[in-house]
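Reminder, nothing fancy here: chain letters follow the sequence lines and each chain counts from 1. As the structure is a prediction and not an experimental result, all values here were calculated from the model.
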Protein chains: 2
Amino acid sequence: MSSVLEKSLAILELMVEHPEGMQVSTLARKLDMPVSGVHRTLRELARLGYVRQERDQGDYALTIRLAAMGLGFLGRSGVTDIAQPILDRLAQASGELVRLSVLDGRGLVWVAVAQGATVGLRYDPGREQGVRVHPASSAGGQALLSTMTDDEVLALVGETGLRPEGMAKASATPATIADLLKVIAETRTRGYSVAVNTYIEGMGAMAAPVRAGGVADGQVLGCLSIAGPAVRFPKARMEELAPSLLDAAAELGAAAPASHFFAGLLRQPPTP
Amino acid sequence: MSSVLEKSLAILELMVEHPEGMQVSTLARKLDMPVSGVHRTLRELARLGYVRQERDQGDYALTIRLAAMGLGFLGRSGVTDIAQPILDRLAQASGELVRLSVLDGRGLVWVAVAQGATVGLRYDPGREQGVRVHPASSAGGQALLSTMTDDEVLALVGETGLRPEGMAKASATPATIADLLKVIAETRTRGYSVAVNTYIEGMGAMAAPVRAGGVADGQVLGCLSIAGPAVRFPKARMEELAPSLLDAAAELGAAAPASHFFAGLLRQPPTP
DNA sequence: TTTAAACTTGAAACAGTTTCTAAAAAATTT
DNA sequence: AAATTTTTTAGAAACTGTTTCAAGTTTAAA
């Protein structure tokens, strides 16, 4: 951690997880930075309108500014415009929750969603939008991992582990790296991932990579997933849903270049 | 412009408006900063994963990182949870577009939306989410201005002007400061704003301030607006819609403290 | 009232940043 | 195809914002 920018952004990243506000000292402790320095940075961020202090001598919390930037970018990027109709259709057809996610650093972030299940038993993502999801244990993550080489998988999982820290293993979560690689290998040949009781106990999901142009050797842009109660994800049903999932992923991949964001991904080599 | 942080955030703010990517030199020109410095900052942002360069020697564009932060914050803040049901109901009742906005710096940003109009003639906000809207010429802005003193209005409008720069006056846009103050005064007594052909020609809208606790003297948290084609916003219809709008705003104000974000706004004095 | 914990502020030492210059690469024009 | 212009990238010295440490305040708790 060297530059001011890095420290400031680390502060913002942490504050994102605590919309209710945080103490200077807590922030400093969690980031292992001197209180005094965090304080200075917070004042600067406050001056710029990204942070505000609640009461004198009180906690600091983010303003709406950062969210406005994020929403503004996403809106203008065209991702939603491109994806929503396709997601809606798949949600309708499957009667489950459908999401489009992209890889951000070492985790997955979903950027569009459609709920196909009527109220009742269903998986609801709640407040998770924009939250980084663990790659090795989620269906979407496994779909993305299946597009990488084993070495790349090992590198990524080496950093993230098999489970998010502090999260208990679900009954079908891969227990070892070998298990994971086996699951990934199966996913490669199958063309889509299958993750029942893997991420959260009682939840079932399947996901397919979204590739540029919608072709099998196109550059990977993200993944499309279907999720719902595990009881509705027996093997037969998943095989029934698979064609729609793969079709939608292909359609998305074909339409993606129309979005500035995905077009940007395309203009560069596969990823560092 | 002094600190690194300020410069870096200015770069990010500008890049938000150009998801397709920007050249170093363009960025430098628009921000009136030395090319070399912008370059350095971009490299740093790239190293941190907020920006990526498309091709070697190519443009720089934002990654999904910033959007993920924004969405994550908004999700966890609870604003959507609180607001969506209320917005949905009002959208249903009015058959128009309903939005909840908050003040960010000198502009309005909407953070939740519900579309009550069936496809056909309707106002659609498109990619505007997260985009700062001009306060003096929009219905929501006028609703917020109506909660300030004339001096505060003058201060704010002094900075923003009567119209967004480069945007032509619509037929009913207040032409002078005096006109605006008169409109604001009427809004105060009426309890909600009325803006037909004011922001965009052919569009009609009305908005009410959302106040903490839902009471008239509560702290202002944001505003709730209804928008649609001007032809559906004759005086009689607006008077008919007013009670639902005001009720919803009150309900929202009463429920707001349950959201971390609004609760944060409450914990501090009315605003600097 | 006393004690503890947290926020705030000041000043000197330090380190990252700025600016200028210039080379290398890419895009345009002739 | 060569020449010209624009743009990106890189290095080094001067500078300025930042870090750190220590001390003063304020607030909350005992």
Are [X] and [N] close enough that a side-chain N or O sits under 4.0 Å from OP1 or OP2?
X       : N      : value
A/Tyr60 : C/dA6  : no
A/Arg43 : C/dT9  : yes
B/His39 : D/dT9  : yes
B/Lys7  : C/dT17 : no
B/Gln23 : D/dT6  : no
B/Gln53 : D/dT8  : no

Rounded to whole Å, how long is the line connecting atom [atom1] of [X] with atom [atom2] of [N]?
X       : N      : atom1 : atom2 : value
A/Arg47 : D/dG17 : CZ    : C1'   : 12 Å
B/Asp32 : C/dT18 : CG    : P     : 14 Å
A/Leu45 : D/dG17 : CG    : C1'   : 15 Å
A/Lys30 : C/dA6  : NZ    : C1'   : 17 Å
A/Asp59 : C/dC7  : CG    : C1'   : 11 Å
A/Glu6  : D/dT19 : CD    : P     : 11 Å
B/Arg29 : D/dT8  : CZ    : C1'   : 14 Å
A/Glu44 : C/dT8  : CD    : P     : 15 Å

Inter-residue atom distance [X].[atom1] - [Y].[atom2], 0.5 Å rounding:
X        : Y        : atom1 : atom2 : result
B/Arg76  : B/Asp81  : CZ    : CG    : 12.5 Å
B/Phe262 : B/Leu252 : CZ    : CG    : 6.0 Å
A/Arg163 : A/Ser138 : CZ    : OG    : 9.0 Å

Please pick, from [options], the nucleotide with the shortest atom-to-atom distance to any side-chain atom of [X].
X       : options              : value
B/Val4  : C/dT18, D/dT9, C/dC7 : C/dT18
A/Ser25 : C/dT19, C/dC7, D/dT7 : C/dC7
A/Ser3  : D/dT8, C/dT17, C/dA6 : C/dT17

Closest heavy-atom pair and its distance - [X], [Y]:
X        : Y        : result
B/Ser225 : B/Ala207 : CB-CB, 3.6 Å
B/Arg211 : B/Val220 : NH2-CG2, 3.6 Å
B/Asp104 : A/Ile64  : CB-CG2, 3.4 Å
A/Asp59  : A/Gln23  : OD1-CG, 3.6 Å
B/Ala249 : B/Leu224 : N-CD2, 3.6 Å
B/Arg188 : B/Leu145 : NH2-O, 4.3 Å

Query - Five-pair end axes of the helix from C/dT1-D/dA30 to C/dT30-D/dA1, angle between them (10°) - result: 50°

Report summary line: Taking for B/Arg40 and for A/Met22 the nucleotide of DNA chain C with the nearest heavy atom, the one nearer the 5' end belongs to A/Met22

Query - Contact nearer the 5' end of DNA chain C, comparing A/Leu5 with A/Val35 - result: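 Per heavy-atom nearest nucleotide, the more 5' residue is A/Val35.
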
**Report entry** Residues that B/Glu13 engages under salt bridge (charged side-chain N to carboxylate O under 4.0 Å, His left out), provided they are two or more places apart
**Finding:** A/Arg65, B/Arg132

Query raised in the report: When only distance counts, do a donor and an acceptor, one from the side chain of B/Ser36 and one from the base of C/dC20, lie under 3.5 Å apart?
Result: yes

Identify the pairs formed between an N or O of the protein and an N or O of nucleotides 12-14 of chain D at a distance under 3.5 Å, and give each distance.
none

